[in-house]
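To start, the structure itself, in structure tokens.
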Number of protein chains: 2
Amino acid sequence: MTVERTRRNRKLDRPRERVLEEAWRLLAEKGLADLTLAELGRRVDTSASHLLYYFGSKDDLLLEVVRWSESQLREARAAALATGSVQTRLRRFCELYLPSEPGDPRWLLWIELWPRALRSTSLGEHYGDFDAEWRADLAALLEEAGARDATARARRICALLDGLSVALVLGEDGLTVKDAWKHVRALLPD
Amino acid sequence: MTVERTRRNRKLDRPRERVLEEAWRLLAEKGLADLTLAELGRRVDTSASHLLYYFGSKDDLLLEVVRWSESQLREARAAALATGSVQTRLRRFCELYLPSEPGDPRWLLWIELWPRALRSTSLGEHYGDFDAEWRADLAALLEEAGARDATARARRICALLDGLSVALVLGEDGLTVKDAWKHVRALLPD
DNA sequence: AAGTCATTTTGAACGTCGTACAAAACTGAC
DNA sequence: GTCAGTTTTGTACGACGTTCAAAATGACTT
């Protein structure tokens, strides 16, 4: 009933995705500094006020961007883990998890969200699930590889990946994606 | 010559430390949200403008707080690593590194600094040294424990500690300091 | 065709933050 | 007591997220 009525008069055909995509692109092109509601609104040809009307707050908008990108990654992960030896699939998993370069939008987002979660208390409740997904997939992989304590080990490896990722996006000296992969491999079975 | 002349007329006897300590306390009591120049100024009985005059910018002020707290920790670390078996000293190292509780000021600071570093480019140059200190101390410990590749392993363990610490300060479900220590121990030589 | 009504969209205003700047207060030296 | 340089303050600015009331829009009724 209201489903049809509430979605009238929209300026954009698929406003949600349009905005989220553009936020992602903006993040990739200009970084965190330029990810403002005004700039984002300009890019999708609306006002900042409208973005607020639509998403409620910037916190919620950012959370939606994460949700959207994580659902993309969920698919990519499923595809990457569908074929190949356990070893290769583990490598693919890490490649998906780690930032592809300093300034990787995914990690920019997380780093922006963490202090926000510490201020708001409403943010922190939802995003914990995303980590859990990654960990579950990794645990399954590890189990398949014949590792004991797959769950705990998955937690451990993901924490390591987090630490390495932060160092990588921040561009800490003397650490490359290649190094990171070597560190992770040291924690993998056999 | 100018050393005496430039340090006249100070309202506070040791204004620097006074401010840094109060920032730390404010952080511990109220968290990131209330760590504003106005509030901090109120606490040390000055104006926000004066804090800027003194520290240059909020970024720089935060960096000074980190510098100050890291120098405290440097001493604490030296004391903690002076006596005891290698095993105990490794444990003490981790206890110092990891957040003591959700809302640990040290980690609040880092989480606040990371997005700032991503925006400013001038911040990121200096704070990389702090990690390096921790890693050097840990590497020495590992070497003493007879581990091969002490440097690489130290990097790995510190990255793990980073990941675990972030999860801990953010209060992620199902992770305690005790768990964290267990994860780290899995990476230690024995 | 005109009118209604809920929804969408906008523009202006607000509060807060970090910051810039000029004026004022202070202090030691002459 | 005046002067010069430092310290301290108050005020103002711009940017940001946010709020709010008003306007625009388009589907439905008559």
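No hydrogens, no waters, no symmetry mates; every other heavy atom, side chains included, goes into these values. Lettering of chains follows the sequences in order, A, B, ..., and the numbering in each one begins at 1.
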**Request:** Check the distance between D:dT18's P and A:R116's CZ and give it to me in whole angstrom.
**Result:** 7 Å

**Which atom of B:L32 lies closest to which atom of B:L27, heavy atoms considered** = CD2-CD1, 3.8 Å

**Message:** On the six-membered ring of B:Y97, is B:R106 placed so that its NZ or CZ lies under 6.0 angstrom from the centre and within 45° of the ring axis?
**Reply:** yes

**Prompt:** Which whole-number value in Å describes the distance from B:K58 NZ to D:dG14 P?
**Reply:** 22 Å

**Asked** Among A:E21, A:R16, A:E22, which one satisfies side-chain contact (heavy atoms from CB on, under 4.5 Å) with A:R18?
**Response** A:E22

**Fill in**
Regarding the side chain of A:L52, the nearest nucleotide among D:dT18, C:dG18, D:dT9 is D:dT18

**Item:** Separation of C:dC17 P from B:L62 CG (nearest whole Å)
**Value:** 14 Å

**For atom CG of A:D45 and atom P of C:dT9, their distance in whole Å** = 11 Å

**Complete:** Separation of C:dC17 atom C1' from B:L32 atom CG, nearest Å, is 15 Å

**Prompt:** How long is the line joining CG of B:L51 and C1' of C:dA20, in whole Å?
**Reply:** 15 Å

**Prompt:** Contact class for B:S49 vs. all strands (heavy atom < 4.0 Å): base, sugar-phosphate, or nothing?
**Reply:** base

**Message:** Main chain of A:G31, side chain of A:D34: is a donor-acceptor contact present, judged purely on distance under 3.5 Å?
**Reply:** no

**Separation of atom OH in B:Y54 from atom C1' in D:dT9, rounded to whole Å** = 17 Å

**Asked** Where the side chain of A:H50 is defined as all heavy atoms beyond and including C-beta, which of C:dT19, C:dT10, D:dT18 is the nearest nucleotide?
**Response** C:dT10

**Message:** Heavy atoms from C-beta onward define the side chain here; which of C:dG18, D:dT8, C:dT10 lies closest to that of B:Y53?
**Reply:** D:dT8

**Request:** Find the distance B:L37:CG to D:dC13:P and express it as a whole number of Å.
**Result:** 20 Å

**Message:** Determine whether a donor-acceptor pair (one donor, one acceptor, N or O, separation below 3.5 Å) exists between the side chain of A:S47 and the base of C:dG11.
**Reply:** no

